Amino acid sequence: LLSSVLLVFADPDRWERVAAAFREAAPKARLIQAHTAGEALDALKREPLSVVLGDVQLPDGPLVGLLRDQLEVPMVVLVDEGQARSGVDAVAAGALDWVTRTAVVWDALPHIALGAVREWREFGLRRAVEEQLWHADRLAMVGRVAASAIHEVGTPLNVVRMRAQLLALDPSTVPEATRIIVEQCDRIADLLRRTLALARRRGSRDEPVDLAAVADAAHGLLAPALKRAHVAVTVSTRPAPVRGDDGELLQVVLNLLTNAMDAVGEQGHVDLSVGTEGELVQLAVRDTGPGVRPDALPHLFAPFFTTKEPGR
């Protein structure tokens, strides 16, 4: 598991003690030494590594901040006693874990490195399984949206048909009829594009997204289903810039709206709102359903937890 280990410590005096610990506990591990984040970055580019261990702060800047975009292996950072905040910030920035720099931590580094590699691999396997389950859940949502799309497409198709018939009877209506036909065809194409985009499998992206536009798109996709279920919806959105993946955010809003629709039943009401308050962005879905049962609250963020009957 430990083929190449990158050790990034600003103080070179630590090298011999750490190297001795690895010779005893993991003699086959190849150790690569760096004293700055720049040297560590060069090492990452030169060869594949198993794990990175290093000081959270180096002479040329924070270790995680400088390596984050290049890092495809686990990283564990060392922080001074009483500086847990810097360790937490490092994990938030991309490190796998952090440990406090104590008198005995240097001898334990080989075991910390091995544990990090194992955890990284287990996380990768879990992530792959969750990705498969997530995609299956997404396809189930696509089926529901597609059923709504079939009904929604009927309206613009009827408009196109009537305008085409009118053209045959009265050629003088060509300009107006042409404009309406093009508009309705664009409406159909946009509906199909959004439905197909929802089904497309892709890696996560991190880019500027208007959460209000995402919420409006989700409402547009589910509008026919909400209408057939006799669920009234109030939408109030204002531009709300965030960073994320528009497709994944769309899936979140679709799930919230679908759950609300299922919860309220006929004659129910759902409020969908997006807005900003200072630097905070809030998306809220409120409904007139019975709410979440107290025994379900601890499980709300467990993947694929549901209180619905089998088959729903």
Side-chain angles (χ1 to χ4, degrees), residues 1-131 204 206 243 298-303:
L1 291 178
L2 294 179
S3 55
S4 296
V5 179
L6 177 59
L7 302 171
V8 194
F9 298 119
D11 184 357
D13 292 340
R14 298 178 185 145
W15 173 255
E16 283 304 322
R17 182 172 177 179
V18 173
F22 271 93
R23 283 195 297 270
E24 181 176 347
K28 295 183 179 180
R30 179 170 175 267
L31 305 183
I32 302 168
Q33 183 178 186
H35 303 297
T36 67
E39 293 177 2
L41 184 59
D42 291 339
L44 276 174
K45 293 178 178 178
R46 281 198 310 268
E47 58 186 295
L49 299 170
S50 302
V51 63
V52 178
L53 304 173
D55 294 330
V56 67
Q57 186 68 34
L58 294 160
D60 54 346
L63 178 63
V64 184
L66 294 175
L67 300 190
R68 179 173 51 190
D69 294 338
Q70 303 290 330
L71 199 63
E72 296 182 356
V73 295
M75 174 191 292
V76 179
V77 296
L78 277 70
V79 303
D80 291 327
E81 291 190 70
Q83 300 296 318
R85 181 74 250 177
S86 61
V88 173
D89 290 342
V91 171
L96 177 68
D97 204 353
W98 62 275
V99 294
T100 302
R101 191 183 287 110
T102 63
V104 298
V105 74
W106 311 108
D107 298 326
L109 283 182
H111 306 287
I112 293 172
L114 187 58
V117 172
R118 285 174 174 160
E119 183 178 347
W120 185 264
R121 291 188 178 184
E122 290 173 1
F123 174 79
L125 292 173
R126 285 199 309 271
R127 181 61 183 166
V129 172
E130 287 181 1
E131 170 69 18
S204 294
D206 180 17
R243 290 194 65 85
H299 309 289
L300 285 186
F301 294 98

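Treat the numbers as computed from the prediction; the structure is a model and nothing was measured.
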With sequence neighbours excluded, what pairs up with [X] under the side-chain contact (heavy atoms from CB on, under 4.5 Å) test?
X    : value
A108 : I112
A20  : R23
A84  : W98

Checklist line | CG on L114 to CG on L109, rounded to 0.5 Å | finding: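 Spacing of CG (L109) from CG (L114) equals 12.5 Å.
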Notebook entry, point to check: Roughly how far, to the nearest 0.5 Å, is CG of D97 from CG of L78?
Noted result: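 One gets 10.5 Å once the value is rounded to the nearest 0.5 Å.
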Can you give me the closest heavy-atom contact between [X] and [Y], atom names plus distance?
X   : Y    : value
S50 : P74  : O-CD, 3.3 Å
L53 : A113 : CD1-CB, 3.9 Å
I32 : R46  : CG2-NH2, 4.4 Å

Check: Which residue pairs satisfy the salt bridge (Lys or Arg N to Asp or Glu O under 4.0 Å) criterion with at least one member in residues 26-42, sequence neighbours excluded?
Finding: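 The answer is R30-E47.
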Margin query: I want to check something: taking the side chain as every heavy atom from C-beta on, are V73 and L6 in contact at a cut-off of under 4.5 Å?
Written below: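 They are not in side-chain contact.
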Next item on the list: Check the surroundings of atom CZ in R17: do more than 12 heavy atoms from other residues, nucleotides or ligands lie under 6.0 Å from it?
Entry: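 Counting neighbours around CZ of R17, more than 12 heavy atoms of other residues, nucleotides or ligands fall under 6.0 Å, so yes.
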Note to self: Tell me which pairs pass ring pair (Phe, Tyr, Trp, His ring centres under 6.0 Å) where either residue lies in residues 1-57, with sequence neighbours left out.
What the structure shows: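 Listed by first then second residue: F9-W106.
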Check: So V105 and T100, side-chain contact (heavy atoms from CB on, under 4.5 Å) or not? Walk me through it.
Finding: CA-CA 8 Å; V105 74; T100 302; over 6 Å; no
Would you give me the side-chain donor-acceptor pairs under 3.5 Å for residues 86-95, sequence neighbours excluded?
unit_1: S86; atom_1: OG; unit_2: Q83; atom_2: O; d: 2.6
unit_1: D89; atom_1: OD1; unit_2: R85; atom_2: NE; d: 3.2
unit_1: D89; atom_1: OD1; unit_2: R85; atom_2: NH2; d: 3.0

Item checked: Heavy-atom donor-acceptor pair, D60 side chain to A37 backbone, under 3.5 Å ->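 Yes, because the side chain of D60 sits within donor-acceptor range (under 3.5 Å) of the backbone of A37.
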Margin query: My understanding is that only one of V52, D55, V51, L31 makes a side-chain contact (heavy atoms from CB on, under 4.5 Å) with L7; could you say which?
Written below: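 So, applying the side-chain contact (heavy atoms from CB on, under 4.5 Å) to L7 and each of V52, D55, V51, L31, only L31 qualifies.
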